[in-house]
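Given the structure is predicted, the values throughout are model-derived calculations rather than measurements. Lettering of chains follows the sequences in order, A, B, ..., and the numbering in each one begins at 1.
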Amino acid sequence: MTTPILTLTIDGKEVSGLAGETILQVARENGFFIPTLCWLDGLTSAGSCRLCMVEIKGSAALHPACITLIQEGMAVTTSSERLLRYRRAIIELLFSERNHVCAVCVVNGHCELQTLAQQLGIDHISFPGLYPDLPVDASHPRFVIDHNRCILCTRCVRVCGEIEGAHTWDVKNRGVRSQIVADFDTPWGDSTTCTGCGKCVHVCPTGALFEKGKSVAEMFKKPLGLPYLKAIRDLGV
Amino acid sequence: MPADTQQKPVDRRWQRIIQTMLRHNNQSDALIETLHTVQETYGYLDPAVLAAVADRLGIPPARVFGVATFYNHFSLKPKGDHTLVICTGTACHVRGNDQILAWVKEQYHLTPGQTSADNRLSLVEARCVGACALAPVILCDGVLTGKKGYKETTAIIEEWLGHAS
Amino acid sequence: MMEKLRLATLWFDGCSGCHMSLLDTDERLLELTAFLDIVYSPLVDVKEFPDKVDITCVEGAISSPEDERMLVRVRNSSRLLVALGDCAVTGNIPAMRNIEGAPAMLRSIYTSGNGLQPQIPALDLPALNDKALPLHRFVPVDLFIPGCPPGADTLFTALTALIHGNTGHIALPTCFGA
Amino acid sequence: MPREKIDRITAEHRWFLDQFNYHILVCAGLGCPGNDDILRALGQTVRNRQLTDEVLIRKVGCMGLCSAGPLVLIRPGDLMYQKVQPEDAEEIIASLGKKPVERLLLSPDLAFFTRQHKNVLRLSGRIDPESLPDYLVAGGYQALLQALFAMQPTDILRCIQESGLRGRGGAGYPTGLKWSTVARAQGSPKYLICNADEGDPGAFMDRSLLESTPYAILEGMTVAAYAVGASEGFIYVRAEYPLAVQRLKRAIRDAEQNNLLGHSICGSNLNFRVQIRLGAGAFVCGEETALIRSIEGRRGLPRPRPPYPAEKGLRGRPTLINNVETYANIPSVITNGPEWWARLGTDKSRGTKVFALTGTIRNTGLIEVPMGMPLREIVYDIGGGLPGGHALKAVQTGGPSGGCIPAALLDTPVTYESLNELGSIMGSGGMIVIDDSASMVDIVTYFMAFCRDESCGKCTPCRVGTAQIHNLLTKFQNRKATMADLEMLEWLCDLVRNTSLCGLGQSAPNPVLSALRFFRQEFLDCILTDQNHEEVRP
């Protein structure tokens, strides 16, 4: 049986996709820009950063494009003025949440958060900073986690659990006190589960996870080909 | 108390925890039920016990820690000899428990969730114990006192801590 | 010929890098001064902030009661207020002390080392606010130019736009940390 | 046959109860502390006077009027004594059959009792919550027998749908529709969950129901299991309710022993087991997808819907989730029929609703009224008005997800629709009376602190937004706010409401928005008038 092809409109343009595809997939295939931070091709979708919210005709609520499946006849709006305002505000909330100092960050110039801020035209943060007191864990021989730069997208948690299978990372506490944690709040270097594969470092959209010895703007994240890794894993090869 | 995951403890408390896990066929969804038993038997979530539970249920340590810190009911530190619970539900709040809480903080130099340095008193802030009709409500070592004003309640706490030993 | 606009620049809690960027416009400074009079700046020798200024560019975060007083005075005397660079826009590096607050920062600077008589100098230091904060936490800001520092081209583009009366959204090739 | 066994137990117990001339019922709910001593004193007195053959002393569930507790009820005659102390035992026993003890007597004509319409609470405070025979004598399990032997599952679905019953947990989703979806859904086994994670601070309806009539909840669940084809049930109950948990455990055990739960229930082909799962103190677990995660032993993080739990719930299987009060309503819908049931309440909000009446009000306690009753009647007639000469300012409904109804709108009938129109919600039934001495800014700051602390932290707007809103509100509390802060407050509320992942986040701004709508001046009064910004310190 072949997968049915569905037709829908995105920002007024007629496009088509396979049943079971998300709005985000179809939008990207057709060249529409929908910002994302928690979503990463090859990992399960968390639907948590709320940047990819889109409008769907006939529904008052907004829908996250990364998990909403396309439907026949759907009319999607990806970039109304209202959506842009919300997206800017969400980015600004992330900047206000922790201590993001781009000027001294290892990924300055190639950070997803920084880039999105620029793309969305954010030139200042309207919300007051919360300035939490957060640790930097440099106990691992090769990597560092700086919680000041973490946006809790949980890509590291998912890649470690779903692709590497180590599940070294999870989230501790809740709400605004949430924090990425290794094992039993163990210093990363003492973790008994970490394989040192470094996948978490390379999926991290900001400078929260980086390689030791990298100075300001020197840390480049490598694309890992996660969909490929996932396919191999699923096949059990 | 389990020293590490290899050398499993055989004390009675650990037996109870094993029973809880067995009742759920050592499935990973038994985690929260098991943590309840740990909290009940040890009075808190001892890190070594957590490790042994994670091992037995086959759950990654980080996930166990994530669950243990997500829920208010679980505590990673031992409680003091006495526990004072102050309900901060809405009804208790509008009936003056905010002032009683402020008094306790000041009087005993404690913030909710803390235990005094001499391990005598733990202060706990409860979200709502469901006795709203008796607001404001406090629980001294589990004994409920309600419908009393600021002066009476603070006097009750003072007397209780004076007598409690 | 139209009357020149009056430009002021200030330097609060920052490294002066943004002013360096301004100087980096090099010969284009001459193009700018065809339209601008610099009436107050660390780069010129005027002691008092003048009453009527068209454009005031402020570098640095607001860190002390003195900064705060001056900023309000400047805002009241300026038609347009520009937050120049990340420190003025986000707090940036000075704001890193906000995690612990000013007293803790002073302690760690003056007393945690191996000095002979570690102590916090009481007389020579200006009083500090607990937090170093961006300008818009105190006064309305008309244009934000992020960057650490924003490049010379960015500053030239921004000032040119302002000179030509463009006070709406100005697209600038800069971002936080740039 | 098990049916006959039930009839036999019922008959025997009725005979036993009839042996006594007097029944003394003592409220043994959490809301009547000290009842142990009263029970002991009454028992001792009865023994001393050698009246053990004549007087039966029983502990029962909540009688509702907690502010007058501990309560004692004497039958026959239904004399209710209030604020009873152990010392009163002699006098009470001595008065049996004679003139009642006037100084303790609570008038039966009290509007608190006469204006209520008890359906779910019918047996609360009348039967021993730990006695299955008591429940049977009171007509318990008739609905289940009727369902199992006189109805097909589709009949039950139709019956529930026709009754118009809507979820009592807050959102008011039509129960019949939910059941039908689960019944239709593909997948096996199917699960059934009773949401007893009553997290609203200021609400204790579920606690009281669990403590007073646990069998009724089990019966409702069993009927539901039969209707939707579920074989396994979970009651997710707060660990903060130890008494409720203890009584539930006992009720499950008794029901199992009497073949009212377990394999081939009452000889029918229904197999249904029920387990208790303890919540561990997370408000967000009242949200159904978070609750399911929690039962699975995980952090209680909600996930986006669809798919809805009715299709993909616990362990990925179709799952029916209803709240305690919803299940407790089922037996009466089945036995009395949907038409009888639908006559109560209004067209769209049918039946009765249990409320926990608290705050600055004379008669605090648990009440049940037909939907559509005006708030004024609840506050002034049933509640007896405000004590100490205080004037009413507002009534808060729906807890941290709800809003305030100002005194001027007190004639609003209590229905799902009318409360929504006013920017509040029915919620699970917390109703907090706020007097004129309270500051609305303080109250919404309190609620926002609650939402910030209870946010699971998964999605950005709720995690950071609630913290930012709370900080802004603190500025208002300290009278350091500006007009710009007010604008930012409204913008953040809009953002959090429209972009949060789950109901907790989406409704977290409700208290603020509602207060801004009806008490805006209080916020404006907290704004600095000095416009030159000199004093404006962040």
Side-chain angles (χ1 to χ4, degrees), chain A residues 22 37-38 44-55 59-69 71 82-83 85-98 113 125-132 150-154 157 170-181, chain D residues 280-285 289-290 298-307 448-472 474-475 482 484-485 487-489 491-506 508 537-538:
Chain A
T22 63
L37 274 176
C38 66
T44 56
S45 300
S48 62
C49 74
R50 314 308 278 174
L51 275 176
C52 69
M53 302 292 270
V54 294
E55 291 165 1
S59 164
L62 303 177
H63 301 266
C66 66
I67 38 175
T68 308
L69 302 182
Q71 277 170 19
R82 174 175 178 233
L83 288 172
R85 280 192 71 195
Y86 284 144
R87 284 178 192 154
R88 282 190 209 112
I90 288 169
I91 294 277
E92 288 182 42
L93 281 179
L94 286 172
F95 270 104
S96 77
E97 183 182 16
R98 295 199 169 179
L113 182 66
I125 313 299
S126 2
F127 312 118
L130 301 180
Y131 307 114
C150 173
I151 56 167
L152 293 168
C153 67
T154 69
V157 176
D170 210 303
V171 181
K172 72 170 178 181
N173 303 330
R174 69 181 185 213
V176 78
R177 293 173 53 245
S178 300
Q179 204 176 301
I180 298 295
V181 65
Chain D
F283 177 67
V284 70
C285 289
T289 59
R298 308 279 297 271
R299 290 164 62 83
L301 306 183
R303 63 158 175 80
R305 300 174 302 183
M448 196 47 68
F450 179 89
C451 290
R452 178 201 57 193
D453 293 347
E454 295 297 332
S455 164
C456 78
K458 179 173 175 174
C459 76
T460 316
C462 176
R463 182 182 73 235
V464 197
T466 52
Q468 289 283 7
I469 294 176
H470 181 262
N471 287 355
L472 273 176
T474 318
K475 272 177 97 174
T482 63
D485 288 330
E487 246 171 68
M488 191 187 284
L489 180 66
W491 163 231
L492 273 168
C493 286
D494 177 66
L495 175 76
V496 173
R497 162 187 267 198
N498 286 302
T499 61
S500 291
L501 193 155
C502 81
L504 187 151
Q506 288 159 10
R537 291 279 295 278

Check: [Y] and [X] side chains under 4.5 Å, non-hydrogen atoms:
X: D/L495; Y: A/R85; result: no
X: A/P128; Y: D/M488; result: yes
X: D/L492; Y: A/F127; result: yes

Pick one of side chain, backbone, both or neither for [X], based on which atoms fall under 4.5 Å of a heavy atom in chain D.
X: A/I90; answer: both
X: A/I151; answer: backbone
X: A/R98; answer: neither

Can you tell me how far the [atom1] atom of [X] sits from the [atom2] atom of [Y], to the nearest 0.5 Å?
X: D/R305; Y: A/I67; atom1: CZ; atom2: CD1; value: 12.0 Å
X: A/R50; Y: D/T499; atom1: CZ; atom2: OG1; value: 7.0 Å
X: A/S126; Y: D/Q468; atom1: OG; atom2: CD; value: 9.5 Å

If the contact rule is any heavy atom under 4.5 Å from chain D, which residues of residues 171-181 of chain A qualify, in numerical order? A/V171, A/K172, A/N173, A/R174, A/G175, A/V176, A/S178
So which residue, D/C451, D/P461, D/P306, ends up with the most heavy-atom pairs under 4.5 Å with chain A? D/P461
Look at D/S500, D/G300, D/C462, D/P302 and state which one has the largest set of heavy-atom pairs under 4.5 Å with chain A. D/S500
Hits for salt bridge (Lys or Arg N to Asp or Glu O under 4.0 Å) against D/R452, two or more places apart or cross-chain, chain-then-number order -> none
For D/R299, check salt bridge (Lys or Arg N to Asp or Glu O under 4.0 Å) against everything at least two apart and list the hits. none
What's the verdict on side chain to side chain contact (heavy atoms under 4.5 Å, CB included) for D/T460 and A/L152, showing C-alpha distance, side-chain angles and the deciding distance? CA-CA 9 Å; D/T460 316; A/L152 293 168; over 6 Å; no
Heavy-atom pair count under 4.5 Å with chain D, highest-scoring of A/A60, A/S45, A/A46, A/C153: A/A46
A/Y86: side-chain hydrogen bond (donor to acceptor under 3.5 Å, both in side chains) partners, not counting sequence neighbours: D/D494, D/N498
Looking at every non-hydrogen atom in both residues, tell me the closest pair between A/S96 and D/V464 and how far apart they are. OG-CG1, 3.9 Å
For A/S48 against D/L501, the heavy-atom pair lying closest together: CA-CD1, 4.4 Å
Which portion of D/A282 sits near chain A, non-hydrogen atoms under 4.5 angstrom: both
Measuring heavy-atom distances to chain A, does D/E454 have an atom under 4.5 Å in its side chain, in its backbone, in both, or in neither? both
